[in-house]
Amino acid sequence: MDMKKLAGDKAAEYVKDGMVVGLGTGSTAYHMVNAVGEMVKNGLKIQAIPTSKATEAQARELGIPLLTIDELDHVDLAIDGVDEIDPQFNAIKGGGGALYREKVVATLAKEVIWIMDESKLVERLGAFPFPVETVPFGMPFVKRRIADMGAVPILRMGDGKSYLTDSGNFILDVQFAENTDISQAAEQIRDMPGVVETGYFGQMCSRIAAGTSSGVKVMENPHRAV
(Lines give C-alpha, C1' and ligand atoms only; values in the text may rest on other atoms or scores of the structure.)
Protein backbone atom coordinates (compact mmCIF):
# COMPACT_ATOMS: atom_id res chain seq x y z
CA MET A 1 0.00 0.00 0.00
CA ASP A 2 1.47 3.36 -1.07
CA MET A 3 0.51 5.73 1.74
CA LYS A 4 1.79 8.78 -0.13
CA LYS A 5 -0.36 7.96 -3.14
CA LEU A 6 -3.40 7.43 -0.91
CA ALA A 7 -2.95 10.90 0.58
CA GLY A 8 -2.29 12.57 -2.78
CA ASP A 9 -5.29 10.96 -4.45
CA LYS A 10 -7.58 11.91 -1.55
CA ALA A 11 -6.50 15.56 -1.57
CA ALA A 12 -7.09 15.78 -5.33
CA GLU A 13 -10.78 15.10 -4.64
CA TYR A 14 -11.05 18.61 -3.16
CA VAL A 15 -10.08 20.22 -6.49
CA LYS A 16 -13.18 21.57 -8.24
CA ASP A 17 -14.01 23.20 -11.57
CA GLY A 18 -12.97 26.84 -11.87
CA MET A 19 -10.35 26.74 -9.11
CA VAL A 20 -6.87 28.20 -9.12
CA VAL A 21 -4.84 25.43 -7.49
CA GLY A 22 -1.41 25.54 -5.89
CA LEU A 23 0.53 22.40 -6.81
CA GLY A 24 3.08 21.36 -4.21
CA THR A 25 6.50 19.79 -4.51
CA GLY A 26 7.93 16.48 -3.32
CA SER A 27 7.28 12.76 -3.36
CA THR A 28 3.74 12.92 -1.93
CA ALA A 29 2.71 15.97 -3.96
CA TYR A 30 3.91 14.13 -7.06
CA HIS A 31 1.00 11.67 -6.70
CA MET A 32 -1.47 14.52 -6.14
CA VAL A 33 -0.32 16.28 -9.32
CA ASN A 34 -0.73 13.04 -11.27
CA ALA A 35 -4.27 12.67 -9.92
CA VAL A 36 -5.14 16.27 -10.83
CA GLY A 37 -3.67 15.70 -14.30
CA GLU A 38 -5.96 12.72 -14.79
CA MET A 39 -8.94 14.84 -13.71
CA VAL A 40 -7.97 17.56 -16.21
CA LYS A 41 -7.71 14.91 -18.90
CA ASN A 42 -11.28 13.89 -18.02
CA GLY A 43 -12.63 17.43 -18.36
CA LEU A 44 -11.81 19.30 -15.13
CA LYS A 45 -11.33 23.03 -15.83
CA ILE A 46 -8.74 24.61 -13.55
CA GLN A 47 -5.63 26.76 -13.60
CA ALA A 48 -2.64 25.94 -11.44
CA ILE A 49 0.44 27.55 -9.96
CA PRO A 50 3.40 25.17 -9.45
CA THR A 51 5.74 25.62 -6.48
CA SER A 52 8.87 24.39 -8.25
CA LYS A 53 10.39 23.83 -11.65
CA ALA A 54 10.03 20.07 -11.13
CA THR A 55 6.30 20.36 -10.48
CA GLU A 56 5.94 22.78 -13.40
CA ALA A 57 7.51 20.23 -15.75
CA GLN A 58 5.29 17.44 -14.41
CA ALA A 59 2.15 19.57 -14.74
CA ARG A 60 2.99 20.64 -18.30
CA GLU A 61 3.51 17.04 -19.30
CA LEU A 62 0.08 16.20 -17.89
CA GLY A 63 -1.61 19.08 -19.72
CA ILE A 64 -2.54 21.06 -16.60
CA PRO A 65 -3.05 24.76 -17.52
CA LEU A 66 -0.52 26.86 -15.60
CA LEU A 67 -0.26 30.44 -14.36
CA THR A 68 2.91 32.31 -13.45
CA ILE A 69 3.24 34.04 -10.09
CA ASP A 70 2.96 37.41 -11.90
CA GLU A 71 -0.43 36.42 -13.35
CA LEU A 72 -1.76 35.30 -9.99
CA ASP A 73 -4.20 37.32 -7.90
CA HIS A 74 -5.53 34.50 -5.70
CA VAL A 75 -5.29 30.78 -5.01
CA ASP A 76 -8.43 28.84 -4.11
CA LEU A 77 -6.69 25.70 -2.86
CA ALA A 78 -3.05 24.79 -2.25
CA ILE A 79 -2.06 21.15 -1.73
CA ASP A 80 1.43 20.20 -0.62
CA GLY A 81 3.42 17.68 1.39
CA VAL A 82 5.13 18.16 4.75
CA ASP A 83 8.22 16.76 6.44
CA GLU A 84 6.73 16.88 9.95
CA ILE A 85 3.42 17.99 11.42
CA ASP A 86 2.35 18.14 15.06
CA PRO A 87 -1.12 17.73 16.65
CA GLN A 88 -1.61 21.53 16.55
CA PHE A 89 -1.19 21.45 12.72
CA ASN A 90 2.17 23.26 12.80
CA ALA A 91 4.45 21.88 10.09
CA ILE A 92 8.03 21.80 8.89
CA LYS A 93 8.49 21.83 5.12
CA GLY A 94 11.37 22.31 2.73
CA GLY A 95 13.03 18.92 2.46
CA GLY A 96 12.43 19.19 -1.28
CA GLY A 97 14.03 22.63 -1.43
CA ALA A 98 10.94 24.62 -2.47
CA LEU A 99 10.03 26.18 0.87
CA TYR A 100 10.01 29.82 -0.27
CA ARG A 101 7.72 29.27 -3.26
CA GLU A 102 5.59 26.87 -1.24
CA LYS A 103 5.09 29.49 1.47
CA VAL A 104 4.18 32.21 -1.03
CA VAL A 105 1.53 30.00 -2.64
CA ALA A 106 0.17 28.73 0.69
CA THR A 107 -0.06 32.29 2.03
CA LEU A 108 -2.10 33.34 -1.01
CA ALA A 109 -4.46 30.36 -0.71
CA LYS A 110 -7.97 30.52 0.70
CA GLU A 111 -7.64 26.86 1.69
CA VAL A 112 -4.55 24.71 2.32
CA ILE A 113 -4.32 20.92 2.52
CA TRP A 114 -1.13 19.25 3.73
CA ILE A 115 -0.65 15.65 2.59
CA MET A 116 1.66 13.01 4.01
CA ASP A 117 2.20 9.41 5.00
CA GLU A 118 1.67 8.58 8.66
CA SER A 119 5.40 8.73 9.49
CA LYS A 120 5.21 12.53 9.19
CA LEU A 121 2.72 12.79 12.06
CA VAL A 122 4.79 13.66 15.15
CA GLU A 123 4.01 14.69 18.71
CA ARG A 124 6.67 17.41 18.64
CA LEU A 125 8.50 19.14 15.80
CA GLY A 126 12.28 19.02 15.67
CA ALA A 127 13.53 15.60 14.57
CA PHE A 128 13.58 16.59 10.89
CA PRO A 129 16.35 19.10 9.99
CA PHE A 130 14.86 22.60 9.86
CA PRO A 131 15.41 24.22 6.43
CA VAL A 132 16.46 27.86 6.17
CA GLU A 133 16.75 29.45 2.71
CA THR A 134 19.40 32.17 2.52
CA VAL A 135 20.81 34.42 -0.19
CA PRO A 136 24.38 33.30 -1.06
CA PHE A 137 25.92 36.60 0.08
CA GLY A 138 24.46 36.30 3.56
CA MET A 139 24.83 32.57 4.14
CA PRO A 140 28.07 32.54 6.23
CA PHE A 141 26.67 35.29 8.48
CA VAL A 142 23.38 33.45 8.95
CA LYS A 143 25.21 30.19 9.62
CA ARG A 144 27.25 31.81 12.40
CA ARG A 145 24.21 33.47 13.94
CA ILE A 146 22.28 30.18 13.99
CA ALA A 147 25.25 28.41 15.58
CA ASP A 148 25.28 31.14 18.24
CA MET A 149 21.73 30.03 19.10
CA GLY A 150 23.13 26.63 20.10
CA ALA A 151 21.89 24.90 16.94
CA VAL A 152 23.85 23.04 14.26
CA PRO A 153 23.43 24.51 10.74
CA ILE A 154 24.67 22.42 7.80
CA LEU A 155 24.84 23.73 4.25
CA ARG A 156 22.75 21.48 2.02
CA MET A 157 24.74 19.82 -0.76
CA GLY A 158 23.72 18.22 -4.04
CA ASP A 159 25.87 16.52 -6.68
CA GLY A 160 29.01 17.41 -4.76
CA LYS A 161 28.32 21.16 -4.60
CA SER A 162 26.15 23.60 -2.70
CA TYR A 163 22.47 22.91 -3.38
CA LEU A 164 20.68 25.81 -5.08
CA THR A 165 16.94 26.44 -4.88
CA ASP A 166 14.93 27.39 -7.97
CA SER A 167 15.47 31.00 -6.90
CA GLY A 168 19.26 30.55 -6.78
CA ASN A 169 19.58 30.50 -2.99
CA PHE A 170 21.31 28.21 -0.48
CA ILE A 171 19.62 26.07 2.18
CA LEU A 172 20.91 25.53 5.68
CA ASP A 173 19.52 22.40 7.35
CA VAL A 174 19.42 23.16 11.06
CA GLN A 175 19.34 20.70 13.94
CA PHE A 176 18.06 22.34 17.11
CA ALA A 177 18.74 21.25 20.66
CA GLU A 178 16.06 19.05 22.18
CA ASN A 179 13.05 20.95 23.56
CA THR A 180 13.72 24.02 21.41
CA ASP A 181 10.55 26.04 20.73
CA ILE A 182 10.58 25.73 16.94
CA SER A 183 8.14 28.61 16.35
CA GLN A 184 10.23 31.02 18.42
CA ALA A 185 13.47 29.85 16.83
CA ALA A 186 11.94 30.24 13.36
CA GLU A 187 10.89 33.81 14.15
CA GLN A 188 14.37 34.64 15.42
CA ILE A 189 16.02 33.20 12.30
CA ARG A 190 13.52 34.84 9.95
CA ASP A 191 14.63 38.26 11.23
CA MET A 192 18.30 37.66 10.37
CA PRO A 193 19.59 39.65 7.36
CA GLY A 194 20.16 37.25 4.48
CA VAL A 195 17.35 34.85 5.36
CA VAL A 196 14.76 34.49 2.59
CA GLU A 197 12.40 32.11 4.39
CA THR A 198 12.28 29.29 6.93
CA GLY A 199 10.59 25.91 6.74
CA TYR A 200 8.22 26.61 9.64
CA PHE A 201 4.59 26.59 8.43
CA GLY A 202 2.52 27.28 11.52
CA GLN A 203 -1.27 26.91 11.49
CA MET A 204 -1.53 27.39 7.72
CA CYS A 205 -3.55 24.34 6.73
CA SER A 206 -7.31 23.92 6.75
CA ARG A 207 -7.01 20.14 6.84
CA ILE A 208 -4.55 17.29 6.42
CA ALA A 209 -4.82 14.01 4.56
CA ALA A 210 -2.53 11.31 5.90
CA GLY A 211 -2.04 7.96 4.24
CA THR A 212 -1.94 5.19 6.86
CA SER A 213 -1.72 1.41 6.80
CA SER A 214 -5.51 1.31 7.25
CA GLY A 215 -6.38 3.95 4.63
CA VAL A 216 -6.55 7.73 4.46
CA LYS A 217 -7.10 9.77 7.59
CA VAL A 218 -8.51 13.29 7.01
CA MET A 219 -8.31 15.75 9.91
CA GLU A 220 -9.77 19.26 9.96
CA ASN A 221 -7.87 22.10 11.63
CA PRO A 222 -10.36 23.71 14.06
CA HIS A 223 -8.34 26.93 14.00
CA ARG A 224 -8.63 27.29 10.20
CA ALA A 225 -12.13 26.07 9.43
CA VAL A 226 -13.35 26.73 5.89
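Side-chain atoms are counted along with the backbone in the values below, which use heavy atoms only and exclude waters and symmetry mates. Everything numeric in this text was worked out from a predicted model, so none of it was measured.
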Is the closest side-chain donor-acceptor distance between [X] and [Y] under 3.5 Å?
X: T212; Y: S214; result: yes
X: D70; Y: T68; result: no
X: S206; Y: E111; result: no
X: N169; Y: S167; result: no

Could you pull out the closest heavy-atom pair between [X] and [Y], with the gap in Å?
X: L121; Y: A210; answer: CD1-CB, 4.1 Å
X: A59; Y: L66; answer: CB-CD2, 3.8 Å
X: V216; Y: A209; answer: CG1-CB, 4.3 Å
X: D80; Y: T51; answer: OD2-OG1, 4.4 Å
X: L23; Y: A48; answer: CD1-CB, 3.6 Å
X: E71; Y: L67; answer: OE1-CA, 3.4 Å

Hydrophobic cluster identity match, [X] and [Y], side-chain contacts under 4.5 Å:
X: F89; Y: Y200; result: no
X: M139; Y: V196; result: no
X: V135; Y: L164; result: no

Tell me, do [X] and [Y] make a side-chain contact under 4.5 Å, heavy atoms counted?
X: P65; Y: V40; result: yes
X: I208; Y: M116; result: yes
X: Q47; Y: V21; result: no
X: R207; Y: Y14; result: yes
X: N42; Y: L44; result: no
X: I69; Y: L108; result: yes
X: Q58; Y: Y30; result: yes
X: V20; Y: L77; result: no

[atom1]-[atom2] distance between [X] and [Y], expressed to the nearest 0.5 angstrom:
X: I49; Y: L72; atom1: CD1; atom2: CG; result: 5.5 Å
X: D117; Y: T28; atom1: CG; atom2: OG1; result: 6.0 Å
X: M39; Y: K16; atom1: CE; atom2: NZ; result: 6.5 Å
X: Q88; Y: N221; atom1: CD; atom2: CG; result: 10.0 Å

Give a yes or no on whether a salt bridge exists between [X] and [Y], defined as a side-chain N under 4.0 angstrom from a carboxylate O.
X: D83; Y: K93; value: no
X: E187; Y: R190; value: no
X: K110; Y: D76; value: yes
X: K103; Y: E197; value: yes

Quiz item: Please walk me through it: do D173 and R156 pass salt bridge (Lys or Arg N to Asp or Glu O under 4.0 Å)?
Solution: CA-CA 6 Å; D173 288 311; R156 186 178 297 185; 2.8 Å; yes

[X] side-chain N/O to [Y] backbone N/O, donor-acceptor pair under 3.5 Å:
X: T55; Y: S52; result: no
X: N90; Y: Q203; result: yes
X: K53; Y: P50; result: no
X: R145; Y: P140; result: no
X: D86; Y: L125; result: no

Quiz item: Got a sec: does the CD of E61 have more than 12 other heavy atoms crowding it under 6.0 Å?
Solution: no

Quiz item: Step by step, would you call K120 with E84 a salt bridge (Lys or Arg N to Asp or Glu O under 4.0 Å)?
Solution: CA-CA 5 Å; K120 306 302 195 305; E84 284 187 332; over 6 Å; no

Practice problem: Check step by step if side chain to side chain contact (heavy atoms under 4.5 Å, CB included) holds for V36 and I64. | Solution: CA-CA 8 Å; V36 171; I64 300 173; 4.1 Å; yes

Practice problem: Specify whether F201 and W114 have parallel, tilted or perpendicular ring planes, treating 30° as the upper limit for parallel and 60° as the lower limit for perpendicular. | Solution: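 Perpendicular, since the angle between the ring planes exceeds 60°.
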
Quiz item: Any chance the rings of F130 and F176 have centres within less than 6.0 Å?
Solution: yes

Quiz item: How would you list, by chain and number, every residue that makes a salt bridge (charged side-chain N to carboxylate O under 4.0 Å, His left out) with K4, sequence neighbours excluded?
Solution: none

